[in-house]
Amino acid sequence: MKRRSTPAMNVGISLLVLVFVNLCLVTFGVLSLQNAQADRRMSRKAAEHTREYYEAVNNVQMQIRDNQKLLKRLSREVSFAKEPAKYEEEIKKEFAGKADYEMSEEGECLFHYVCPVSDRQELSAVVRQKEDEQGSHIEITQWNLQAAGTWEADRSMKLYQGTENQDKEIK
């Protein structure tokens with residue numbers, strides 16, 4: 001009787017390769033799922049921040065519009081060119097407690113607006129507004145997003161201290 005020769009590659013090796021390939025596919029699948037979940041969380045945070053920012057922008061723009069209406073009404077009642085003292089007095093009465101502003105010698109009002117965006121950020125705007133016979137003049141001199149409070153770095157470091165036995169050995 002002739003002896004049969006065994007093939008060079010056994011069935012066991014092909015099974016091991018198949019198991020290894022399946023493990024690789026499962027690992028890459030789990031990593032892809034985790035990456036997709038992280039992207040989803042990040043995009044939700046970005047969408048929430050964008051919504052909060054544009055709410056603050058809308059609030060500041062409504063305040064600018066309201067102040068512009070008040071200035072327009074005041075400029076019709078009292079002219080800065082004719083009665084600057086009375087004009088400034090009317091502005092002080094109108095904006096007392098409503099807005100943070102500065103008055104210039106030319107009759108321009110420099111309004112400072114601060115609107116919270118989140119618990120850590122606020123929108124800061126400085127707008128120069130003037131009403132005269134020629135109409136409304138608005139110039140935005142500052143518009144930025146800034147930290148709401150002072151930032152302090154966390155310089156604490158949690159280091160492995162080891163056990164008492166190791167500490168004794170090091171000393």
Side-chain angles (χ1 to χ4, degrees), residues 1-72 95 97-102 104 108-130 135-171:
M1 248 179 131
K2 284 188 178 182
R3 257 181 144 188
R4 288 187 172 179
S5 63
T6 58
M9 223 172 110
N10 293 332
V11 177
I13 293 176
S14 62
L15 181 63
L16 287 175
V17 170
L18 182 66
V19 168
F20 177 74
V21 168
N22 282 333
L23 283 175
C24 289
L25 288 174
V26 168
T27 303
F28 289 134
V30 169
L31 290 174
S32 296
L33 180 63
Q34 286 180 341
N35 192 21
Q37 288 174 339
D39 286 347
R40 184 177 183 194
R41 281 191 304 272
M42 185 177 67
S43 64
R44 283 185 177 173
K45 282 183 182 179
E48 179 65 21
H49 180 266
T50 302
R51 185 190 60 76
E52 290 171 344
Y53 173 76
Y54 281 109
E55 281 179 3
V57 167
N58 287 338
N59 289 337
V60 169
Q61 288 177 345
M62 285 190 290
Q63 291 176 12
I64 292 171
R65 181 201 61 203
D66 294 343
N67 290 345
Q68 186 179 12
K69 286 180 182 178
L70 283 172
L71 284 175
K72 193 176 280 190
F95 292 110
K98 292 181 183 176
D100 182 20
Y101 72 95
E102 298 172 24
S104 72
E108 296 177 333
C109 288
L110 194 63
F111 290 98
H112 302 270
Y113 303 99
V114 177
C115 187
V117 173
S118 66
D119 57 338
R120 297 180 321 215
Q121 289 183 326
E122 60 191 15
L123 179 63
S124 173
V126 177
V127 179
R128 186 183 318 268
Q129 290 181 282
K130 182 178 181 178
S136 300
H137 306 283
I138 297 176
E139 178 186 356
I140 298 173
T141 58
Q142 176 187 346
W143 189 278
N144 62 1
L145 199 58
Q146 59 191 22
T150 57
W151 182 79
E152 293 182 24
D154 180 15
R155 299 204 184 277
S156 64
M157 298 177 85
K158 296 179 182 177
L159 300 176
Y160 177 70
Q161 298 298 318
T163 63
E164 291 180 17
N165 294 337
Q166 289 176 342
D167 288 341
K168 290 179 183 176
E169 290 174 10
I170 294 173
K171 291 179 183 177

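Everything numeric in this text was worked out from a predicted model, so none of it was measured.
A distance of 12.0 Å separates OG1 in Thr141 from CZ in Phe111, rounded to the nearest 0.5 Å. Residue Gln63 holds its CD atom at 11.5 Å from CG of Asn58, rounded to the nearest 0.5 Å. If you take OH on Tyr53 and CG on Leu123, they are separated by 5.5 Å, rounding to the nearest 0.5 Å. Atom SG of Cys109 sits about 11.5 Å away from atom CD1 of Ile138, to the nearest 0.5 Å. A distance of 11.0 Å separates CD of Glu108 from CG of Leu71, quoted to the nearest 0.5 Å. Note that CZ of Phe20 is 10.0 Å distant from CG of Leu25, once rounded to the nearest 0.5 Å.
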Practice problem: Give the intermediate values and the outcome of side-chain contact (heavy atoms from CB on, under 4.5 Å) for residues Val126 and Ile140. | Solution: CA-CA 6 Å; Val126 177; Ile140 298 173; over 6 Å; no
Exercise. Walk me through it: do Asn67 and Tyr101 pass the test side-chain contact (heavy atoms from CB on, under 4.5 Å)?
Key: CA-CA 11 Å; Asn67 290 345; Tyr101 72 95; over 6 Å; no
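Nearest heavy-atom pair, Ala147 versus Glu122, reported as atom, atom and distance to 0.1 Å: O-OE2, 4.0 Å. Between Ala56 and Pro116 the shortest heavy-atom distance is CB-O, 3.9 Å. Closest heavy-atom contact between Asp119 and Ala148: O-CB, 4.0 Å.
Using a cutoff of 4.0 Å between basic side-chain nitrogens and carboxylate oxygens, Glu48 and Arg51 are scored as salt-bridged.
Side-chain contact between Gln129 and His137 is absent, with no heavy atoms from C-beta onward closer than 4.5 Å. Residues Arg41 and Lys45 form no side-chain contact, since every pair of their non-hydrogen atoms from C-beta on lies 4.5 Å or further apart. Side-chain atoms of Tyr113 and Val127, non-hydrogen and from C-beta on, do get closer than 4.5 Å to each other.
For Gln121 and His49, the side-chain atoms include at least one donor-acceptor pair closer than 3.5 Å. In this structure, a donor-acceptor pair under 3.5 Å is present between the side chains of Glu102 and His112.
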